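Okay, structure first, notes after.
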Amino acid sequence: MSCNTLEEKNAIVTGGAQGLGEYLCHRLAQEGANIIVADLQIEAAEKCAEDIRTKYGRKALAIQVDVTDEEMVSSMVDETIKTFGSLDVLVANAGILISAPVTEFDINRWRKVIEVDLVGYFICAKHAIRVMKEQKRGSIVQINSKSGKVGSFKNSAYASAKFGGIGLTQSLALEVADEGIRVNAVCPGNMLDSPLWVNSLYKQYSKKLGIPEEEVRKQYINKVPMKRGCSYQNVADLVVFLASDQSSYITGQAMNVTGGQLMH
C-alpha cells in the first residue's frame, strides 16, 4: 500500500533491473515516484518498468546504460528530463563485486571495480547535479556498504571503491548544499537472503572454510547484535526517507543499516 511519501517525484535507479535495485524501483514507485529503470540489461529493465506501470500506475521508463560511459549517462539524464520534466532523486545503486587475495588480484579486474563502483557513481552524480542545480532541488542516494567503513578480507577493490564513495558523497554534499541538493550514502550489512548470498557466497564460503552452508549463515548472523541479516526492506526504508522531504536537513551522511554490527 502506497504512503505517497514520494508523490510525483521522478527517480532514476541505476542497476535497477535486478536484486536490490529492482526492489528499490518497486518501493519508490509504491511511495508515489515515477521511475527510470537504468541498467545494462535492457530486457530485464523493460520488464521491471512494465511491472511498475501495471502494479502501481506510475510512469516508468527503461533505459540501457553503462554507468562508466559518460555519454550514455548524460543521455539518460536528458531523456529523464524530456520524459518526466524533472529529476528529483538519483539512487546510485549500480555496482559490482570482484574479490581476490592481493597477490593474485588481476589489476584490470581490480580497476574494473573502481571504475563501476566509484567512477560510475561520480559520473551519474555529475549529470544528476547538472539538472538538479537548475531546479534548485534534488536528492542523491548512493548505495554503499559496511565495506565503505571498515576493511574487507580479500576484498580490497570493493572496499577501496566504497571508502572512496563515502569521500565522494561528503565532498559533493559540501559542494551543492547551497543549491538545494542533498547527497547521502546508505551502508547495508550482509544481505543474507539476497540472490548473491543464496546463489553464490554461501557455496564459496562453505568451500573455503570447510563447513556446511548453514554454518556459514549462522556465523554471519552471530556477528550481528540484532541476530539477523539485512533485508532489502531495511535498505529501502532508509532510501525512501533520504529521497523524501522528511530528510530535508540531512546531507553528507553515510548511514549504517547493519543491525548494530557497525556503529560508526
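In what follows, every heavy atom counts, from backbone to side chain, and hydrogens, waters and symmetry copies are set aside. Note that this is a predicted model, so its numbers are computed, not measured. Residue numbers run from 1 in the order of the sequence given.
- Of all heavy-atom pairs spanning Asp39 and Ala45, the tightest one is CB-CB, 4.2 Å.
- Environment of CD in Glu215: crowded, with over 12 heavy atoms of neighbouring residues, nucleotides or ligands closer than 6.0 Å.
- Using a 4.5 Å cut-off on side-chain heavy atoms (C-beta onward), Arg137 and Ile181 make no contact.
- Contact between Ala128 and Val77 at its shortest, heavy atoms only, is N-CG2, 4.2 Å.
- A donor-acceptor contact under 3.5 angstrom links the side chains of Thr169 and Tyr121, judged on distance only.
- Leu242 and Ser139 make their closest contact through O-OG, 2.8 Å (heavy atoms, listed as atom of the first residue, atom of the second, distance).
- A salt bridge does not link Arg217 with Glu214: none of the charged nitrogens is closer than 4.0 Å to a carboxylate oxygen.
- Between Gly21 and Val13, the shortest heavy-atom distance links the atoms O-CG1, 3.8 Å.
- Other residues, nucleotides and ligands place no more than 12 heavy atoms under 6.0 Å from the CD atom of Glu175.
- A salt bridge is absent between Glu8 and Lys59: the closest approach of a Lys/Arg side-chain nitrogen to an acidic carboxylate oxygen does not fall below 4.0 angstrom.
- For Asn234 and Ser231, the side-chain atoms include at least one donor-acceptor pair closer than 3.5 Å.
- Taking the side chain as every heavy atom from C-beta outward, Leu90 and Cys124 approach each other to under 4.5 Å.
- Formation of a donor-acceptor pair under 3.5 Å by the Ser74 side chain with backbone atoms of Glu71 is not found in this model.
- For the side chain to side chain contact (heavy atoms under 4.5 Å, CB included) with Leu24, the qualifying choice from Ile35, Val37, Val91 is Val91, the only one to do so.
- A distance-only check finds a donor-acceptor pair linking the side chain of Asn144 to the backbone of Lys162 [under 3.5 Å].
- Using a 4.0 Å cut-off between charged side-chain N and carboxylate O, Asp178 and Lys136 make no salt bridge.
- Side-chain contact check for Leu40 versus Val65: every heavy-atom pair is 4.5 Å or farther apart.
- With hydrogens and angles ignored, the 3.5 Å screen pairs a side-chain donor or acceptor of Asn93 with a backbone N or O of Gly15.
- For the pair Met255/Ile250, a side-chain contact is recorded, criterion being any heavy-atom separation below 4.5 Å from C-beta on.
- Hydrophobic clustering (ILVMFWY, side-chain heavy atoms < 4.5 Å, transitive): Ile107 and Ile98 are in one cluster.
- Checking side-chain atoms of Arg182 against main-chain N and O of Ser247 turns up a donor-acceptor pair under 3.5 Å.
- The closest side-chain donor-acceptor pair between Glu79 and Ser75, if any, does not fall under 3.5 angstrom.
- The pair Lys9-Asp245 meets the salt-bridge criterion, with a side-chain N (NZ, NE, NH1 or NH2) lying under 4.0 Å from an Asp/Glu carboxylate O.
- A 6.0 Å sphere centred on CZ of Arg109 holds no more than 12 heavy atoms belonging to other residues, nucleotides or ligands.
- Taken from OG1 in Thr80 to CG in Leu61, the straight-line distance is 7.0 Å, to the nearest 0.5 Å.
- Lys126 has a carboxylate O that lies under 4.0 Å from a charged side-chain N of Glu70, or vice versa, which qualifies the two as a salt bridge.
- Under the 3.5 Å distance criterion, with hydrogens and angles disregarded, a donor-acceptor pair is assigned to the side chains of Asp66 and Thr68.
- In this structure, the side chains of Ile143 and Val239 come closer than 4.5 Å at one or more pairs of heavy atoms.
- Interatomic distance, SG of Cys187 versus CD of Gln261, reported as 12.5 Å (0.5 Å rounding).
- A side-chain N or O of Glu31 and one of Thr5 form a donor-acceptor pair less than 3.5 Å apart.
- For Asn10 (side chain) and Ser86 (main-chain N/O), a donor-acceptor pair under 3.5 Å exists by modelled atom type.
- Using a distance-only test at 3.5 Å, with no hydrogens or angles considered, no donor-acceptor pair links the side chain of Gln64 to the main chain of Ala38.
- Here the two rings, on Trp197 and Tyr205, have centers that are under 6.0 Å apart.
- In this structure, the side chains of Tyr220 and Val216 come closer than 4.5 Å at one or more pairs of heavy atoms.
- The cluster map of Ile, Leu, Val, Met, Phe, Trp and Tyr, joined by side-chain heavy atoms under 4.5 Å apart, puts Ile42 and Val116 in different clusters.
- Using a 4.0 Å cut-off between charged side-chain N and carboxylate O, Glu7 and Arg58 make a salt bridge.
- With salt bridges taken as basic N to acidic carboxylate O contacts below 4.0 Å, none links Lys47 and Glu43.
- From Ile52, atom CD1 reaches atom CZ of Arg27 across 13.5 Å, with rounding to the nearest 0.5 Å.
- For NZ of Lys208, the number of neighbouring non-hydrogen atoms (other residues, nucleotides, ligands) closer than 6.0 Å is greater than 12.
- Within the model, atoms CG of Asp106 and CZ of Arg111 stand 9.5 Å from one another, a figure rounded to the nearest 0.5 Å.
- For the atom pair CZ (Phe153) and OG (Ser99), the distance works out to 10.5 Å, reported to the nearest 0.5 Å.
- The minimum heavy-atom distance linking Asn256 with His264 is given by the pair ND2-O, 2.9 Å.
- Side chain of Thr251 to backbone of Val183: a donor-acceptor contact under 3.5 angstrom is found.
- Residues Leu196 and Met191 fail the side-chain proximity criterion, which asks for heavy atoms closer than 4.5 Å.
- A donor-acceptor pair is defined here as one N or O able to donate and one able to accept, closer than 3.5 Å; such a pair exists between the side chain of Asp117 and the backbone of Ile96.
- At distances below 3.5 Å, at least one donor-acceptor pair connects side-chain atoms of Tyr202 with backbone N or O atoms of Leu192.
- Proximity of Tyr158 to Ser145: side-chain heavy atoms (C-beta onward) are separated by under 4.5 Å at one or more points.
- Of the inter-residue distances, the one linking Lys207 atom NZ with Gln204 atom CD reads 9.0 Å to the nearest 0.5 angstrom.
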